[in-house]
Amino acid sequence: MKLAENKATLSFSNGSPSVDLPVYQGSVGPDVIDIRKLYGQTGMFTYDPGFLSTASCQSAITYIDGDKGELLYRGYPIEQLATQCDYLDTCYLLLKGELPKQEERSEFHKLVLSHTMVNEQMQFFLRGFRRDAHPMAVLTGLIGALSAFYHDSTDINNPEHRHVAAIRLIAKMPTLVAMAYKYGVGQPYMYPRNELSYAGNFLRMMFGTPCEDYKVNPVIERAMDRIFILHADHEQNASTSTVRLCGSSGTNPFAAIAAGVACLWGPAHGGANEACLNMLEDIQRQGGVAKVGQFMEQVKDKNSGVKLMGFGHRVYKNYDPRAKLMQETCNEVLAELGLENDPLFKLAKELEKIALEDDYFVQRKLYPNVDFYSGIVQRAIGIPVSLFTGIFALARTVGWIAQLNEMLADPEYKIGRPRQLFTGYVARDVKPVSER
Ligand code: SDX
């Protein structure tokens, strides 16, 4: 970042001395006012619950233009990556900052695809869960438990340890997600196969059985890989900020990523795809498209507490570019599976059409986000609704790792420790219980 010519001056109406604050600019996007010395100079904090106006760090990984609806990974538009690259290329890009050359690409693919097995003990860890445990509860446990198996890559301040942990996490997440699924349906785990692609391997571990060979459908394989690309990173969202804050204490990479998984689970964040699919199924049960108008009235009624899941975004005040690509992927998958008339897809498109013409949504700049169509395409592939967020976590692991590594490599980073505006009791004395 570089010092801008512009400067901010903070003045106070009570005559306290004004304070000059430096302004920094990045390569694109809003400038920032550096308030690091504010408390020292004024004895006051800033106040920004939800961090609507706060930059927590400087980063060179992902840029979002919310007004234009643009998303860039290391400068490359998501539309180009989703159509011209695969997920492992995208992982390489997010981790190293450049797309791999042919030899680098082959090496990286081979490195990841030959580390997909997990320690045999992991399967016994799963046995502690009920068969109907939510996969996100299982995954939060499994990923945190990885630190117990890989002591040789837990020193977060050792770049080599971080690299090894990154490859292990990217390589093993599909295996763990598939194990969580198989455990839930009571089927045997499928061991990974090194000759398959990253997405093909995941599909086989999910839907293959020891009873017969599993043939990967190339259209579904490509769709799965694209779903991974679209979810790989997204600037300083809630789960990424959680990983950064968790990692800033010096804990091991597996624990920091497990914290990200736990945060992603929430319905306002990564859990929205599951919530969106459940919403669509509810409307379908109540009458489908004919009931959309009534449902939208509920959404617009503040007292109903009903939200149009998969719509709205803290940063995008335009169409989420990932939602457009996800809709295209939906079309491809439904056509391949002969489900063009999927009622939920029709219902989602009707909801979108109505919302985009409705003043409530237009005024609030509410558009479909990545979660609006992702559930429909995953359901068509055969993925259970409860596993949607687990797949989001699988794909986002590389983004969390890249952001964590970027923070740790920043000489200025410190343990994150926000302050507060205290509104509770000031000092008072304990009275004997007889006098309370
Ligand atoms: C993800 O941050 C990221 O980048 C996240 C993510 C990523 O890749 O990491 O993009 C992934 O989490 C996508 C978002 C998934 N969540 C959902 O789809 C859940 C539904 N969406 C909302 O909960 C909401 O839009 C949020 C949480 C996504 C954003 O909330 P904000 O920025 O805090 O906005 P807000 O709640 O203050 O909403 C502004 C207004 C409010 O109305 P008013 O008080 O101004 O009258 O819009 C309304 C909200 O009530 N509103 C909605 C709505 N979203 C916002 N009303 C109905 N349905 C919705 N979905």
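Both ligands and their constituent atoms are indexed starting at 1 by order of listing. Nothing fancy with the numbering, it's 1 onward along the sequence.
At the top of the distance list for atom 19 (C) of ligand 1, counting protein heavy atoms only, stands Met309 CE, 3.6 Å. At the top of the distance list for atom 20 (C) of ligand 1, counting protein heavy atoms only, stands Phe311 O, 3.4 Å. Nearest protein heavy-atom contact of atom 23 (O) of ligand 1 is Lys307 CD, 3.6 Å. The protein non-hydrogen atom at the shortest distance from atom 6 (C) of ligand 1 is His313 NE2, 3.7 Å. The closest protein non-hydrogen atom to atom 44 (O) of ligand 1 is Lys302 CE, 3.8 Å. For atom 58 (N) of ligand 1, the closest non-hydrogen atom on the protein side is Leu308 N, 3.0 Å. Looking from atom 52 (C) of ligand 1 to the surrounding protein, the closest heavy atom is Leu366 CD1, 3.6 Å. The protein heavy atom nearest to atom 45 (O) of ligand 1 is Arg364 NE, 3.9 Å.
Contact of the Met44 side chain with the Leu10 side chain is not registered, since no non-hydrogen atoms from C-beta on lie closer than 4.5 Å. The closest side-chain heavy-atom distance from Trp400 to Leu169 is not below 4.5 Å. Using a 4.5 Å heavy-atom cutoff, the side chains of Tyr150 and Val164 are not in contact.
At least one protein heavy atom sits closer than 4.0 Å to atom 14 (C) of ligand 1. Protein heavy atoms are found less than 4.0 angstrom from atom 42 (O) of ligand 1. Distances from atom 31 (P) of ligand 1 to the protein include at least one heavy-atom value under 4.0 Å. Within a 4.0 Å radius of atom 38 (O) of ligand 1, the protein has no heavy atom. At a distance under 4.0 Å, no protein heavy atom can be found next to atom 35 (P) of ligand 1. Protein heavy atoms are found inside the 4.0 Å sphere centred on atom 25 (O) of ligand 1.
Every atom of ligand 1 is numbered from 1 in the order shown, and the set under 4.0 Å from a heavy atom of Val299 is 57 (C). Distances below 4.0 Å separate heavy atoms of Asn237 from the following atoms of ligand 1: 2 (O), 3 (C), 4 (O), 5 (C), 9 (O). The ligand atoms of ligand 1 that sit less than 4.0 angstrom from a heavy atom of Gly310 are 17 (C), 18 (O). Contact atoms of ligand 1 toward Ala268: 12 (O), 14 (C), 15 (C), 16 (N), 27 (C) (distance under 4.0 Å to a heavy atom of the residue). Atoms of ligand 1 found under 4.0 Å from any heavy atom of Ala272 (numbered from 1 in listed order, with element): 15 (C), 16 (N), 17 (C), 18 (O). Distances below 4.0 Å separate heavy atoms of Arg396 from the following atoms of ligand 1: 7 (C), 8 (O), 9 (O).
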Fill in: side chain to side chain contact (heavy atoms under 4.5 Å, CB included) assessment of Thr329 paired with Arg222
CA-CA 9 Å; Thr329 304; Arg222 182 73 194 117; over 6 Å; no

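Exactly one residue among Leu126, Thr175, Val261 makes a side chain to side chain contact (heavy atoms under 4.5 Å, CB included) with Leu142. That residue is Leu126. For the pairing with Phe372, the ring-ring contact (aromatic ring centres under 6.0 Å, His included) check across Tyr367, Phe345, Phe311, Tyr319 returns one residue only, Phe311.
With a 4.0 Å heavy-atom cut-off, ligand 1 is reached by the backbone of Arg314 and by its side chain too. Of the heavy atoms in Leu52, none comes closer than 4.0 Å to ligand 1. Residue Tyr360 touches ligand 1 through its side chain alone, judged by heavy-atom distances below 4.0 Å. Using a 4.0 Å cut-off between heavy atoms, His231 makes no contact with ligand 1 at all.
The shell of residues lying under 4.0 angstrom from ligand 1, judged by heavy atoms, excludes Lys300. The closest approach between any non-hydrogen atom of Glu235 and ligand 1 is not below 4.0 Å.
Aromatic ring centres of His234 and Tyr316: separated by under 6.0 Å.
Side-chain contact annotation: Glu79 with Thr83, donor-acceptor N/O pair under 3.5 Å absent. Between the side chains of Gln327 and Glu352, at least one donor N or O lies within less than 3.5 Å of an accepting N or O. At a cut-off of 3.5 Å, with distance as the only test, no side-chain donor of Gln58 or Glu406 sits close to an acceptor on the other residue.
One finds a salt bridge joining Glu412 and Arg36 here, because a Lys/Arg side-chain nitrogen approaches an Asp/Glu carboxylate oxygen to under 4.0 Å. For the pair Arg74 and Asp233, the salt-bridge criterion is not met [side-chain N within less than 4.0 Å of a carboxylate O].
Between Tyr92 and Phe108, the angle of the ring planes goes over 60°, which puts this pair in the perpendicular group of the 30/60° scheme.
No more than 12 heavy-atom neighbours from other residues, nucleotides or ligands sit within 6.0 angstrom of CD1 on Ile33.
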